[in-house]
Amino acid sequence: MSRHLSSLRAAVRLVGLVAVRAGAQTSDPLFKLDQTSRFVVDATIDSAKVAGLPWNFLILRAREGISKGADSRHIAAAVRARFASLKDARALFGNISDGELNAAAGLLEARGVRPEHLAPLKNQPRGRSIVSALTVLGDLVTKGIPSEEASSAIIKLWQGGAGDADFMGLYHNVESDILQGLNPGIALQNRMRESLGPSGKLLPRAGESETPSP
Amino acid sequence: MTESDDQTYVEWIAREARRPVVMGPAARTRIMDAVRAEPAPRRRFWHRLIEPRLISASPIASLALAAGLVGIGVFGGTFVNNRDGLTSTGLPQAVPALPIARVPVSDTVKVMTFRFIAPQAAKVSLVGDFNGWSVDETPMTRVDNGGVWSVTVPLSVGRHLYSFVVDSQDWIADPRAPVAPDDGFGHANSVVLVSRGSSS
């Protein structure tokens, strides 16, 4: 009897150990990180929770790195960088949605983009999202347009009352010009002249009348 | 009482204590009869539940039982989500590639179709923040012989980063979408903006 009980205990311990490891790996998306990097990532996530920042984006950042085959130290550094930029974005924009905060944080990590470039976007009117402005700005910077020039263009459109469709229209037009061989900076300047009138007010897009038709 | 008297007294006690107690042959029977005559103590129901007891089982049966318990635990842990639609790890739920007719559409979730042209590819996946950057979560389907791959997914309103993964190794940004600034991992991401009125 006692031998059977010992066997039972040993079997349960063995299978339990295997299950704990298997369960930990299936439920823990970050199990592939090495011990030191894992500690850094966990500590950064804890700091984000304490600071009231959307820490889920830090986990996603780590998972993105894991999926893309980055090494653990690189991933930990990317998570710390995102935490820092989330803090900067919160300091700059205050209480905006988590999605907007993460978009701003990602942009602040781009080369040459500084908080003062984005400052005019804060205090946006209720119901007006800065996500499309940030998205198109990020795309322009990625195309090699200097961040000061790109952010200046986006801010002018924003202050002229541009909405999501206007920003996406600018993106498509600049993209089209670049595909036809135009320099990205020149393409942006040309399209900005088309978009803004001399007073800096947004001009109606092609096919739109200035006053709403009855 | 002197110290010598103390010693004598202690020795006498020790001697008496060591002397075996001789019981008559009927004594044991009398004691057991008296015990049996006592009414059994009434045990409460929950005492029976928590009382330890011995269970005998063969090693094979033990392993089968333990494996079953582990299976239940792993299955439960994998599929338990919290009320916000996030998994126990705090991540958004994976987005399965569902047919349009079965996708719940609401103010905060929109159906989006992604297409990608890769004639030479044997396998293409849609990977993004909406599926936890999982390469296996959202496979695309080849829709024609021209190499067009497609998948339709429900996405929450907002901004999402994504990429296409060709043959499980090549990360390629969507050429028809804005690109996000450097992802820091050596592969560019595309951006999709999902607004309340959008569907694509």
Side-chain angles (χ1 to χ4, degrees), chain A residues 1 4-5 7-16 18-19 22-23 26-30 45 55-57 59-61 63-70 74-75 77-78 81-82 97-100 102-103 106-107 109-111 113 129 131-132 134-136 138-139 141-143 164 168 171 175, chain B residues 54-67 69-71 73-74 76-78 80 86-92 127-130 132-135 156-161 163 165 169 171 173 175-193 195 198:
Chain A
M1 173 72 87
H4 281 187
L5 276 174
S7 305
L8 176 65
R9 284 197 200 108
V12 168
R13 275 191 202 129
L14 179 68
V15 179
V18 171
T26 52
S27 64
D28 179 5
L30 309 183
I45 289 170
W55 52 272
N56 283 349
F57 291 118
I59 295 183
L60 282 172
R61 194 86 178 105
R63 289 196 71 164
E64 181 185 357
I66 290 169
S67 279
K68 289 179 174 177
H74 196 162
I75 293 170
R82 179 54 53 93
S97 73
D98 288 353
E100 288 177 312
N102 191 47
L107 192 53
E109 288 173 34
R111 183 179 296 171
V113 177
S129 172
V131 167
S132 53
L134 295 175
T135 298
V136 176
D139 182 78
V141 170
T142 306
K143 285 180 166 64
D164 292 354
M168 291 312 290
Y171 155 73
E175 180 77 13
Chain B
L54 294 175
I55 299 170
S56 64
S58 69
I60 293 285
S62 308
L63 276 173
L65 176 65
L69 290 173
V70 167
V74 170
T78 305
V80 169
L86 302 177
T87 63
S88 53
T89 56
L91 292 172
V127 185
D129 53 13
F130 43 83
W133 295 99
S134 168
V135 176
S156 58
V157 167
R159 169 184 174 269
H160 298 280
L161 298 179
S163 200
V165 179
Q169 56 183 9
W171 290 70
R176 298 186 304 173
V179 178
D182 182 17
D183 72 335
F185 300 120
H187 302 278
N189 291 321
S190 300
V191 183
V192 58
L193 299 177
S195 60
S198 65

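Note that these values count all heavy atoms, side chains included, but never hydrogens, waters or copies made by symmetry. Chain letters run A, B, ... following the sequence lines, proteins first, then strands; residues in each count from 1. Since this is a predicted model, take the numbers as computed values, not measurements.
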Note, B/D129 side chain near A/F57 side chain (heavy atom, < 4.5 Å): no
Under 30°, 30 to 60°, or over 60°: which ring-plane class applies to B/H160 and B/F130, parallel, tilted or perpendicular? perpendicular
A/T135 meets the side-chain hydrogen bond (donor to acceptor under 3.5 Å, both in side chains) criterion, sequence neighbours left out, with none
Heavy-atom distance under 4.5 Å to chain B: side chain of A/E175, backbone, both or neither? side chain
Is it true that A/E109 and A/R61 have a side-chain N and a carboxylate O under 4.0 angstrom from each other? yes
With chain A as the partner, which of B/S163, B/A188, B/S134, B/A177 has the greatest number of non-hydrogen pairs under 4.5 Å? B/A177
Between A/A103 and chain B, which part of the residue has a heavy atom less than 4.5 Å away: side chain, backbone, both or neither? both
Using non-hydrogen atoms and a 4.5 Å limit, figure out which bit of B/V191 sits close to chain A: side chain, backbone, both or neither. side chain
Do A/M168 and B/P178 have side chains that get closer than 4.5 Å, going by heavy atoms? yes
Toward chain B, the part of A/S67 with a non-hydrogen atom under 4.5 Å: both
Could you tell me which portion of A/I75 (side chain, backbone, both or neither) has an atom closer than 4.5 angstrom to a non-hydrogen atom of chain B? both
